[in-house]
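Please read all numbers here as calculations on a predicted model, not as lab measurements. In what follows, chains are A, B, ... by sequence order, proteins preceding strands, each numbered from 1.
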Amino acid sequence: MPELPEVETIRRSLLPHLVGLPILGCEIYLPKLLQNLSAEEFSQSIRGRHVEDILRRGKYLVLRLSGGYTLVVHLRMTGQLRFVHEDAPCPPHTHIVLKFAAGMVLRYTDIRQFGYWFLAPDSGIEQVARLERLGVEPLALDFTVGHLEALLSGRRGKIKAVLLDQARIAGVGNIYADEALFGAGLHPARAAGSLAPEEIARLHRHLQEVLNQGILMRGTTLRDYVDGSGESGGFQHKLKVYGQKGQPCSKCQTPIARLVIAGRGTHLCPNCQV
DNA sequence: CGGTGCCTGCTG
DNA sequence: CAGCAGGCACCG
């Protein structure tokens, strides 16, 4: 479900509510979501700590807790985190609940049960949650055109596969990859190493543009995505190719096509993207 | 690299 | 009822 803009929106929506609050307890209904601890160990380890900060790394949400512990959550396809009062109706597929004061709870809901949680001391969390394998943050200042060029050059794989590879660029998923490639006028199946310098510069600019727009619009809600307050995003109204199969291209009116590239449904304008 | 599995639910 | 879904780990 959520890509970088959605996770960033969740982070921002939770931050002002959660920081400083002690975790009074938790309920684990689906222990397999806990990747590195049993339900018992998790409960023992998290109880009494308070949330000091919330960060994001790629599509991972990173909660710094007091006492030198970090909680890492990946929402995969259908995970949702909502900070609500316990009296609010509890959605189906709610698997983990963290309890705070005054009846407030952080509910983790995940229809497909693909998401996962890690809890570990700060010193070990990077390795435990495999954050260390993630590539560059595409909105960071050090992600330059030259950096993108280095990631692409000499590679025979498809551009789209590179954009989706979290070990190279962290946080880009299927929607924003398709939108960035459309903006840059590049065919997703092009060999990564075949891009001319001006094409790399275009891809860099449009990738940052769609991610920033996605954040500005508070994410893309196609099915399940909501932020930490349960609010839908708005970027679905701005999509130019993703999910637009058969619709006229916004630039040239050619019907948008859907192919499978890099194993994923891929949307593109067959005329504009070469 | 591509293919498969993990799950459940919605769409055509 | 098959096919598909904002993801990723694992296999060969």
Side-chain angles (χ1 to χ4, degrees), chain A residues 1-11 29-36 56-61 72-81 91-96 108-118 127-135 138 154-182 188-193 207 210-211 213-215 217-227 231-246 258-267:
Chain A
M1 161 178 83
E3 309 181 27
L4 187 155
E6 288 74 38
V7 180
E8 179 62 23
T9 303
I10 293 169
R11 185 188 79 79
Y29 304 108
L30 192 63
K32 74 167 185 179
L33 294 178
L34 307 172
Q35 294 297 296
N36 67 316
R56 179 192 57 74
R57 181 75 176 94
K59 300 172 194 171
Y60 291 81
L61 204 60
V72 170
V73 177
H74 196 304
L75 306 165
R76 291 291 274 272
M77 298 283 266
T78 52
Q80 302 173 331
L81 276 174
H93 308 285
T94 295
H95 305 309
I96 300 180
Y108 180 75
T109 302
D110 189 347
I111 294 173
R112 294 177 70 182
Q113 309 177 13
F114 286 174
Y116 35 58
W117 290 42
F118 304 90
Q127 187 171 18
V128 166
R130 302 195 205 91
L131 300 181
E132 55 192 9
R133 357 170 33 179
L134 294 176
R155 305 205 74 258
R156 281 145 45 108
K158 300 172 171 65
I159 327 174
K160 174 149 177 179
V162 173
L163 293 180
L164 293 179
D165 183 354
Q166 302 301 299
R168 295 195 177 81
I169 303 172
V172 180
N174 211 25
I175 295 179
Y176 295 93
D178 282 3
E179 293 296 315
L181 288 166
F182 172 78
R190 281 272 297 280
L207 182 58
V210 295
L211 293 173
Q213 281 295 313
I215 294 172
M217 301 294 292
R218 304 179 50 82
T220 303
T221 299
L222 293 178
R223 297 177 182 80
D224 309 294
Y225 167 73
V226 290
D227 72 8
E231 300 284 323
S232 294
F235 196 66
Q236 64 277 11
H237 303 302
K238 303 284 184 183
L239 297 176
K240 296 192 169 137
V241 286
Y242 189 89
Q244 306 302 305
K245 179 182 172 184
R258 180 187 181 278
L259 312 172
V260 175
I261 296 172
R264 308 294 300 278
T266 299
H267 310 75

**Prompt:** Okay, side chain of A/T221, backbone of A/G233: is any donor-acceptor separation there less than 3.5 Å?
**Reply:** yes

**Fill in**
A/R133 CZ to C/dC8 C1', in whole Å, measures 9 Å

**Item:** Residue-phosphate contact under 4.0 Å: A/H74 side-chain N/O, C/dG7 OP1/OP2
**Value:** no

**Prompt:** On DNA chain B, nearest-nucleotide positions of A/R223 versus A/G157: which is more 5'?
**Reply:** A/G157

**Message:** Could you check whether any side-chain N or O of A/T9 sits under 3.5 Å from a backbone N or O of A/D227, counting only pairs where one atom can act as donor and the other as acceptor?
**Reply:** no

**Prompt:** Do the side chain of A/Q213 and the main chain of A/L211 share a donor and acceptor less than 3.5 angstrom apart?
**Reply:** no

**Request:** Starting at atom CG of A/D110, determine the distance to atom C1' of C/dA5, rounded to an integer number of angstrom.
**Result:** 13 Å

**Prompt:** Any idea if B/dG5 is syn or anti, going by the 90°-from-0 cut?
**Reply:** anti

**Atom pair distance, as rounded to whole Å: CD in A/Q213 and P in C/dG6** = 21 Å

**Item:** A/G263 or A/R112, whichever maps to the more 5' nucleotide of DNA chain B
**Value:** A/G263

**Message:** Taking C/dA5 as the reference, what is the distance to B/dG3 when you measure between their P atoms (whole Å, please)?
**Reply:** 15 Å

**Prompt:** Taking the nucleotide of DNA chain C with the closest heavy atom to each, which residue, A/Y242 or A/R130, is nearer the 5' end?
**Reply:** A/Y242

**Message:** Without decimals, in angstroms, what is the distance between A/K245 NZ and C/dC4 C1'?
**Reply:** 11 Å

**Asked** Just wondering, do A/F114 and B/dC6 stack (centres under 5.5 Å, planes under 30°)?
**Response** yes

**Asked** Counting any heavy atom closer than 4.0 Å, what does A/L222 reach on the DNA or RNA strands: base, sugar-phosphate only, or nothing?
**Response** base

**Item:** Rounded P spacing from B/dC7 to C/dC10 in Å
**Value:** 15 Å

**Request:** Could you check how far CZ of A/R264 sits from C1' of C/dC4, rounded to whole Å?
**Result:** 11 Å

**Request:** Ignoring hydrogens and angles, state whether a donor on the side chain of A/H267 or A/D178 is under 3.5 Å from an acceptor on the partner side chain.
**Result:** yes

**Complete:** From CD of A/Q166 across to P of C/dG7 the rounded distance in Å is 8 Å

**Item:** Side-chain N or O of A/R76 closer than 4.0 Å to phosphate OP1/OP2 of C/dA9
**Value:** no

**Message:** Just the rounded figure in Å: distance from C1' of C/dA9 to CG of A/D165.
**Reply:** 13 Å

**Asked** Counting side-chain heavy atoms from CB outward, which of B/dT8, B/dG2, C/dG7 is closest to A/I111?
**Response** B/dT8

**Message:** Does a side-chain N or O of A/H93 approach OP1 or OP2 of B/dG9 to a distance below 4.0 Å, or not?
**Reply:** yes

**Counterpart base for B/dT4, defined by Watson-Crick or G-U wobble contacts under 3.5 Å** = C/dA9

**Message:** Heavy atoms only, 4.0 Å cut-off, all strands: where does A/K32 land among base, sugar-phosphate and nothing?
**Reply:** sugar-phosphate

**Prompt:** Distance between the P atoms of C/dG3 and B/dG5, in whole angstroms?
**Reply:** 15 Å

**Asked** How would you label the contact of A/G265 with the nucleic acid (heavy atoms, under 4.0 Å): base, sugar-phosphate, or nothing?
**Response** sugar-phosphate

**Request:** Ignoring the backbone of A/R258, work out which of C/dA5, C/dA9, C/dG7 is nearest its side chain.
**Result:** C/dA5

**Request:** For C/dG6 and B/dG12, measure between their P atoms and round to the nearest Å.
**Result:** 15 Å

**Request:** Round to the nearest Å and state the distance from A/I169 atom CD1 to C/dC8 atom P.
**Result:** 13 Å

**Prompt:** Within the structure shown, what part of the strands sits under 4.0 Å from A/Y116 by heavy-atom distance: base, sugar-phosphate, or nothing?
**Reply:** sugar-phosphate

**Asked** Of all the choices, B/dT8, C/dG6, C/dA9, which nucleotide is nearest to the side chain of A/Q113 once you look at every atom?
**Response** B/dT8

**Request:** Report yes or no: does A/H74 contribute a side-chain atom to a donor-acceptor pair with the main-chain N or O of A/V72 at less than 3.5 Å?
**Result:** no

**Asked** Is there a donor-acceptor pair closer than 3.5 Å between any side-chain N or O of A/E8 and the backbone N or O of A/I215?
**Response** no

**Asked** Does the side chain of A/K59 get closer than 4.0 angstrom to OP1 or OP2 of C/dG6 through an N or O atom?
**Response** no

**Complete:** Output for pair (A/E6 CD, A/Y176 OH), nearest 0.5 Å, gives 3.5 Å

